[in-house]
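Shown next, in structure tokens, is the structure this report addresses.
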Amino acid sequence: MFPRSLYTFVMYLLTPVILFRLARRGLHYRSYLGRWRERFGFFPAPGYRESIWVHAVSVGEVNAAVPLIESLMREHADLPFVITTITPTGSERVQKLFGDRVFHVYLPYDLPASVSRFLERVRPRLGVIMETEIWPNLFHECARRRIPLVVANARLSQKSLRGYGPVRPLARVAIRSACYVAAQSVGDAGRLLELGADPQRLAVLGNIKFDMAVPEELAELGRSLRARAGARTGRCGSPPARTKARSSPCSRRMRPCCGAFPTRCC
């Protein structure tokens with residue numbers, strides 16, 4: 001068993017390496033270097049009594065989260081939204097997509113004091129973690145504060161499962177503290193169960209990336225190419241029913257786990 005205290009001790013020992021990586025990345029993204037304190041939970045509190053918090057690591061996860069965030073914004077227009085990322089490109093994407101509609105801050109490193117400062121400042125009523133970002137101290141502190149966490153669009157490859165190595169017991173405790181885990185596929189669900197997810201709180205809801213809106217110019221190009229192909233083959237028609245089923249809005253099916261704020265699951 002790899003105790004969380006030992007994991008935390010190792011994380012603190014790695015702080016100099018973390019600072020070096022911050023400085024190195026800041027050479028390419030000067031704005032990121034100017035916000036390095038956020039990675040330790042130091043940032044001006046937005047003054048929220050409570051909020052909905054969504055974490056998306058980088059650009060791909062931010063893009064995938066858009067349908068879900070927009071749906072939650074419509075249903076909970078009275079609550080402010082906080083979006084965290086890890087990469088500066090993810091931050092830029094959040095700003096471009098949402099602007100002042102959300103409060104963006106970088107997710108703190110998985111150090112107890114940093115996590116506590118972050119949660120104190122944003123006061124989440126609900127946390128949504130995109131894909132499978134499992135941080136033992138973050139999940140533990142959310143459970144301690146009875147902040148419900150939903151792992152949305154969750155995926156876990158066999159390689160990633162093996163990669164947890166000695167910290168796998170910690171990952172198991174963390175994932176079991178989640179109120180709901182929405183897996184992308186049956187295979188992902190099986191590996192998440194193997195990791196330790198609670199089967200009563202796990203469901204296969206598909207990949208919400210299929211809910212992403214297609215830019216009009218790209219849609220027009222697709223229609224044009226389809227028309228040309230149809231003119232040559234004489235088989236231009238609607239997509240098969242199986243394709244339509246795959247593209248049904250997964251973010252709508254996420255409502256049971258995100259819409260009601262299941263505060264008693266932690």
Side-chain angles (χ1 to χ4, degrees), residues 2-15 17-18 21-22 35-43 45-46 48 50-58 61-62 65 81-87 90-91 94 103-156 160 163-182 192 195-198 201 257-258 261-263 265-266:
F2 194 92
R4 193 169 56 83
S5 58
L6 179 57
Y7 162 81
T8 300
F9 177 68
V10 172
M11 287 292 293
Y12 276 116
L13 284 180
L14 291 174
T15 301
V17 178
I18 290 171
R21 289 189 63 188
L22 272 173
R35 297 174 62 183
W36 68 271
R37 289 168 56 86
E38 295 178 17
R39 301 306 308 272
F40 292 93
F42 292 107
F43 56 92
Y48 301 150
E50 58 183 7
S51 66
I52 296 179
W53 159 46
V54 179
H55 173 64
V57 180
S58 192
E61 291 80 8
V62 171
F81 277 70
V82 174
I83 301 181
T84 56
T85 61
I86 286 180
T87 68
S91 170
V94 168
F103 177 78
H104 172 268
V105 64
Y106 285 108
L107 186 76
Y109 289 114
D110 201 35
L111 302 168
S114 302
V115 168
S116 292
R117 282 189 290 267
F118 165 75
L119 294 176
E120 281 294 329
R121 283 163 169 77
V122 302
R123 298 180 176 272
R125 181 176 171 184
L126 168 75
V128 180
I129 310 295
M130 293 299 297
E131 311 254 331
T132 313
E133 281 276 295
I134 302 174
W135 297 103
N137 285 325
L138 177 64
F139 277 61
H140 170 80
E141 188 61 19
C142 285
R144 192 184 72 81
R145 293 172 183 247
R146 300 186 65 79
I147 299 168
L149 282 183
V150 172
V151 183
N153 216 38
R155 61 188 177 92
L156 185 66
S160 296
Y164 280 101
V167 299
R168 185 162 168 175
L170 290 179
R172 180 182 186 278
V173 173
I175 196 72
R176 285 191 79 84
S177 72
C179 293
Y180 200 87
V181 180
L192 287 162
L195 181 64
D198 185 342
R201 299 174 182 175
C257 58
C258 289
F261 301 122
T263 54
C265 68
C266 298

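If you read the sequence from its start, that first residue is 1, and numbering goes on from there.
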Please name the pair of heavy atoms, one in Arg168 and one in Leu195, separated by the smallest distance, quoted to 0.1 Å. CG-CD1, 4.0 Å
Tell me if the CZ atom of Arg155 is crowded by more than 12 foreign heavy atoms within 6.0 Å. no
Partner residues of Arg123 under the side-chain hydrogen bond (donor to acceptor under 3.5 Å, both in side chains) criterion, sequence neighbours left out: none
Any Glu133 side-chain heavy atom under 4.5 Å of Trp135 side chain: yes
Could you work out, with side-chain hydrogen bond (donor to acceptor under 3.5 Å, both in side chains) as the rule, every residue matching Arg145, not counting sequence neighbours? Glu120, Glu141
To the nearest 0.5 angstrom, please state how far the CG atom of Asp198 sits from the CZ atom of Arg172. 9.5 Å
Side chain to side chain contact (heavy atoms under 4.5 Å, CB included) partners for Ser51, two or more places apart: Tyr48, Pro80, Val82, Val122, Pro124
Would you mind reporting whether Leu149 and Cys179 have side-chain heavy atoms less than 4.5 Å apart? no
Mind checking what makes side-chain hydrogen bond (donor to acceptor under 3.5 Å, both in side chains) contact with Thr15, not counting sequence neighbours? none
Would you say Leu107 and Thr85 make side-chain contact, with heavy atoms under 4.5 Å? no
As a quick check of understanding, evaluate side-chain contact (heavy atoms from CB on, under 4.5 Å) for Asn137 and Thr8, giving each step before the final call. CA-CA 8 Å; Asn137 285 325; Thr8 300; 3.1 Å; yes
Rounded to the nearest 0.5 Å, what's the gap from CG on Leu22 to CH2 on Trp36? Could you check? 8.0 Å
Provide the closest heavy-atom pair for Val62 versus Gly90 in the form atom of the first, atom of the second, distance. CG2-O, 4.0 Å
Only counting residues at least two apart or in another chain, list the ones meeting side chain to side chain contact (heavy atoms under 4.5 Å, CB included) with Thr87. Arg25, Ser58, Thr89
Rounded to the nearest 0.5 Å, what's the gap from CE on Met130 to CD on Glu61? Could you check? 7.5 Å
Is there a donor-acceptor pair closer than 3.5 Å between any side-chain N or O of Ser160 and the backbone N or O of Leu156? no
Which residues share a side-chain hydrogen bond (donor to acceptor under 3.5 Å, both in side chains) with Asp110, sequence neighbours left out: Tyr7
Mind checking the CD1-SG spacing from Ile129 to Cys142? Nearest 0.5 Å is all I need. 7.0 Å
Sequence neighbours excluded, which residues qualify as side chain to side chain contact (heavy atoms under 4.5 Å, CB included) partners of Arg35? Glu38, Ser91, His104, Tyr106
Taking atom OH of Tyr12 as the centre, does the number of heavy atoms from other residues, nucleotides or ligands within less than 6.0 Å exceed 12? yes
Considering only heavy atoms from C-beta outward, does the side chain of Val128 approach that of His55 to under 4.5 Å? no
Do Arg176 side-chain atoms and Gly196 backbone N/O form a donor-acceptor pair below 3.5 Å? yes
Residues in ring-ring contact (aromatic ring centres under 6.0 Å, His included) contact with Tyr109, at least two apart in sequence or another chain: Phe40
Passes side-chain contact (heavy atoms from CB on, under 4.5 Å), Arg39 versus Ile86? Steps please. CA-CA 9 Å; Arg39 301 306 308 272; Ile86 286 180; 4.0 Å; yes
Scanning both residues in full, the closest heavy-atom pair of Ile134 with Ala174 reads CG2-CB, 3.6 Å
Taking only residues two or more places apart in sequence, or in another chain, which ones meet Arg121 in a salt bridge (charged side-chain N to carboxylate O under 4.0 Å, His left out)? none
What pairs with Arg117 under salt bridge (charged side-chain N to carboxylate O under 4.0 Å, His left out), at least two apart in sequence or on another chain? none
Minimum-distance pair of heavy atoms, taken over all atoms of Pro166 and Pro169: O-CD, 3.4 Å
Can you list everything that forms a side chain to side chain contact (heavy atoms under 4.5 Å, CB included) with Arg37? Sequence neighbours excluded, please. Phe42
Show your reasoning for whether side-chain contact (heavy atoms from CB on, under 4.5 Å) applies to Val151 and Tyr180. CA-CA 6 Å; Val151 183; Tyr180 200 87; over 6 Å; no
Using modelled atom types and a 3.5 Å cut-off, is there a donor and acceptor pairing between side-chain atoms of Arg201 and backbone atoms of Ala178? yes
Any residue meeting ring-ring contact (aromatic ring centres under 6.0 Å, His included) with Phe118, in chain and number order, not counting sequence neighbours: Trp53
Going by heavy atoms in the side chains, are Val150 and Leu126 under 4.5 Å from each other? yes
To the nearest 0.5 Å, what is the distance between OG1 (Thr132) and CD1 (Ile175)? 6.5 Å
